[in-house]
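This report concerns only the one structure given below.
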Amino acid sequence: MHWADVAAKSLSHRGNTHIISTGITPSGEFHIGHLREMLTGDMLARAANEAGLDTDFIFIVDSADPLRKVYSFLGPEYEQFIGHQLGAIPAPREGDNNPDWQRFNDEGWTYADHFLTPFLEALAEIGVRPRIVDNLRSYQDGEFAQLTKVACDSADEIREIIERVSSRELASDWFPWSPIDSKGSLDGVKVTGYEYPLVYWIDSHGVEGSSDITKGQGKLPWRIDWPAKWSWIGVTCEAFGKDHGAAGGSYATGREISTLLGYQPPQPLTYEWISLRGKGAMSSSSGNTIGPIEALRLVPPQILRLLIANSKPNKAIDFDTGMGLVILADEFERLCSRDFDSEMNDENISRRKLVQVEDAKAALRLSMGEPGEIAKATSVSFRHLALLAQTKSNDDAVWKSLIETGAIKEPTKQLKDRLARMRYWIDSEHFPEEMRINILSTPNVQALSLLNDEEKSALLGLTEALRNCQWNAESIGSAIPQSAKDNGISPRSAYRAAYAALMGLEKGPRLAPILAEMDKNEILMQLDSCCQIQ
RNA sequence: GGGCCUGUAGCUCAGUCAGGUAGAGCGUCGGACUUUUAAUCCGAUGGUCGCGGGUUCGAACCCCGUCAGGCCCGCCA
């Protein structure tokens, strides 16, 4: 059974109504790693719905979290906001990346909005449309009030849980509430007393004050904030990264604190990290990221979904924007064209094979942009489209070629969309070199030396045939094999010779349309140079 | 130091929960086809399941140990 269906089935033992949650701090650009959080939750929610459970899928935006430091992508003026809540400070401005006060004052456009909005747009395109819960607003609206009271009243029990489970010692003045200080920061504030609903404090500037826990004048520390959210929202299942899931981590303390708060902790689903192939873990601060927005420019949403659907959550994913994407995309095409039902109806199928077919079927189902959408094979592989996109300068020529070869009757919206992404990909740094069509301008001696005698003689005939032929795809296409036949040689030899001379390869893509788009004289010069080496 | 996860074919991984003849895809190689879509079709190749013990009639799977990689016990998806 597919991992999402297993998790959904396990959820069904708990009840019929579920809130599946995800949560991310909008501290910087979102990347593919965050997409795993969202897609893991989304797929589980879909699987739960399909299993007949009444499921709500939410995304908690941790806008109440403080700015930790002046990240490399921020202007120096952000120094003043360290410790301030992300949903309460201005967004970085185009250009110098310093705070955009005007937009903040005019529209209330915050740091959190700035990073969240494009991410939500990308998510919508991928078919992920969670209900958004803004954490800062939830504090301000008093959603945490009652739970905070319980937490503050039970400060000693909570301290005991955190110290025992995470085996770390909390400071003697630790208190389960972080008040906002006189400047708006959560850092360096010491709690000096508590009398509901006020927490008294003294900040790093020596200013004293009080914080009303029912009005969001501060927040719960993360390890309490999380279980408190479960409780007031009613979360029954949450997908989170392995960092939270490790023993002694925030889930371990959270589940005990949740029980203390009188709420059954949600079923956990921990997932592994995504790294960038050859570059290590994804990290916003080092700039080693690829965003969902950028990834979507390269490939259709279904393929990003497949990346997640195809890997069990506890498997690390090494994301590769080059050949890896080509392979993944072609895998998607293969899945689309399979007839799973007849494969499963085969009487001789082994149990093992059956599991594989079931998982493949489920992975494809969960990769669809919309629940219930039927997969349709386009009958054009990514490899092929990459070829056509490189050899045909305009889209109509691509469609004409596909129609003539009988691959399609006419271009669908899906295909047009895919071609547009393909062109973007080809122009980007991510497109794999081995897929790039490269016509040589100087002979590749090594490739030529691998030719046998027949192929070498085919090269001479080929060169003359091309010299005398009209420079269009059709004429070139017939000249290549004909030049060999005229000399009693297999057409294959002519192709081998052509690939060695023009591309330095043993085989390659259909030559005629490529050559037709090149300059005849340059091609002939290259062929002549190769002939002379013989 | 304590704990979690991962280790199976050249690569990516299923299979481990319910022990019963080691599986897929990709790759590679060969063949077919060809006025070649690096295409397609057919076939072949491929693994002491990290290592060592134990339990069992039987272990990739359960138990103990061990090695390697990642992660957590401040913050990070």
Side-chain angles (χ1 to χ4, degrees), chain A residues 1 6 10 22-25 27-28 30-41 62 65-66 68-69 162-163 165-168 221-223 239-253 270-275 280-285 310-318 320 323-324 326-328 330-331 334-335 350-360 380-381 383-388 391 401-402 404-405 407 434-435 437 473-485 490-492 494-496 498-499 503 505-513:
Chain A
M1 215 189 317
V6 171
S10 153
T22 56
I24 303 174
T25 304
S27 55
F30 285 78
H31 52 65
I32 290 278
H34 297 111
L35 197 57
R36 186 167 208 181
E37 164 113 6
M38 301 309 297
L39 281 173
T40 303
D62 284 321
D65 289 2
R68 293 280 170 209
K69 61 175 184 176
I162 294 177
E163 291 193 328
V165 176
S166 73
S167 62
R168 73 178 158 119
W222 162 244
R223 283 182 184 256
F240 48 84
K242 64 172 174 179
D243 49 328
H244 294 310
S250 47
Y251 182 77
T253 51
T270 55
Y271 59 85
E272 256 283 357
W273 307 79
I274 296 182
S275 58
M282 202 95 47
S283 156
S284 306
S285 50
N310 233 358
S311 309
K312 298 212 289 195
N314 67 0
K315 286 283 183 185
I317 293 177
D318 202 16
D320 173 10
M323 253 348 257
V326 178
I327 291 168
L328 186 66
D330 282 344
E331 165 82 14
R334 265 194 305 277
L335 285 175
S350 66
R351 174 172 159 250
R352 208 169 256 151
K353 176 79 180 167
L354 186 66
V355 168
Q356 268 172 359
V357 177
E358 277 174 357
D359 281 358
V380 183
S381 73
R383 278 190 162 82
H384 187 192
L385 195 63
L387 254 151
L388 292 174
T391 55
S401 163
L402 286 170
E404 281 173 354
T405 55
E434 60 183 289
M435 295 278 293
I437 293 175
E474 199 179 336
S475 304
I476 297 170
S478 64
I480 297 171
Q482 198 58 46
S483 71
K485 287 181 178 174
S490 150
R492 185 191 205 120
Y495 280 107
R496 290 215 175 218
Y499 287 120
M503 303 182 79
L505 301 172
E506 286 181 44
K507 57 183 176 175
R510 188 180 230 181
L511 271 175

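Letters A, B, ... are given to chains in the order of the sequence lines, protein chains preceding strands, and every chain is numbered from 1. None of the values given here were measured: they were computed from a predicted structure.
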Distance between the P atoms of B:A44 and B:G53, in whole angstroms?
-> 36 Å
Side chain to side chain, A:Glu272 and A:Lys242, heavy atoms closer than 4.5 Å | yes
Spacing of the P atoms in B:U66 and B:C71 (rounded, Å) = 22 Å
Using the ring of each side chain (for Trp, its six-membered ring), is A:Phe240 parallel, tilted or perpendicular to A:Tyr251, with breaks at 30° and 60°?
-> parallel
If the P atom of B:C63 is compared with that of B:G19, how far apart are they to the nearest Å?
-> 12 Å
Can you find a side chain N or O atom of A:Lys312 that sits less than 4.0 Å from OP1 or OP2 on B:C5?
-> no
In whole Å, what separates the P atom of B:C42 from that of B:G25?
-> 11 Å
B:G15 and B:U6, which share atom name P, separated by this distance in whole Å = 11 Å
Please check the phosphate of B:U6 (OP1 and OP2 only) for any side-chain N or O of A:Asn314 closer than 4.0 Å.
-> yes
Looking at every strand, decide which applies to A:Leu35 at a 4.0 Å heavy-atom threshold: base, sugar-phosphate, or nothing.
-> nothing
Could you run through RNA chain B and flag its stems, i.e. three or more consecutive Watson-Crick or G-U pairs with both distances under 3.5 Å?
-> B:1-7 with B:67-73, B:10-13 with B:23-26, B:28-32 with B:40-44, B:50-54 with B:62-66
Options B:A14, B:C76, B:G3, nucleotide nearest the side-chain atoms of A:Lys315 = B:A14
Select base, sugar-phosphate, or nothing to describe what A:Arg68 touches, counting heavy atoms under 4.0 Å on all strands.
-> sugar-phosphate
Mind checking the C1' distance from B:G46 to B:U35? Whole angstroms is fine.
-> 37 Å
Among B:C13, B:G23, B:C71, find the nucleotide with the atom closest to the side chain of A:Gln356.
-> B:G23
In whole angstrom, give me the gap between the P atoms of B:U16 and B:G69.
-> 28 Å
Given the P atoms of B:G10 and B:G47, what is the spacing between them in whole Å?
-> 7 Å
Straight-line distance of A:Ile274 CD1 to A:Ser311 OG, nearest 0.5 Å | 8.0 Å
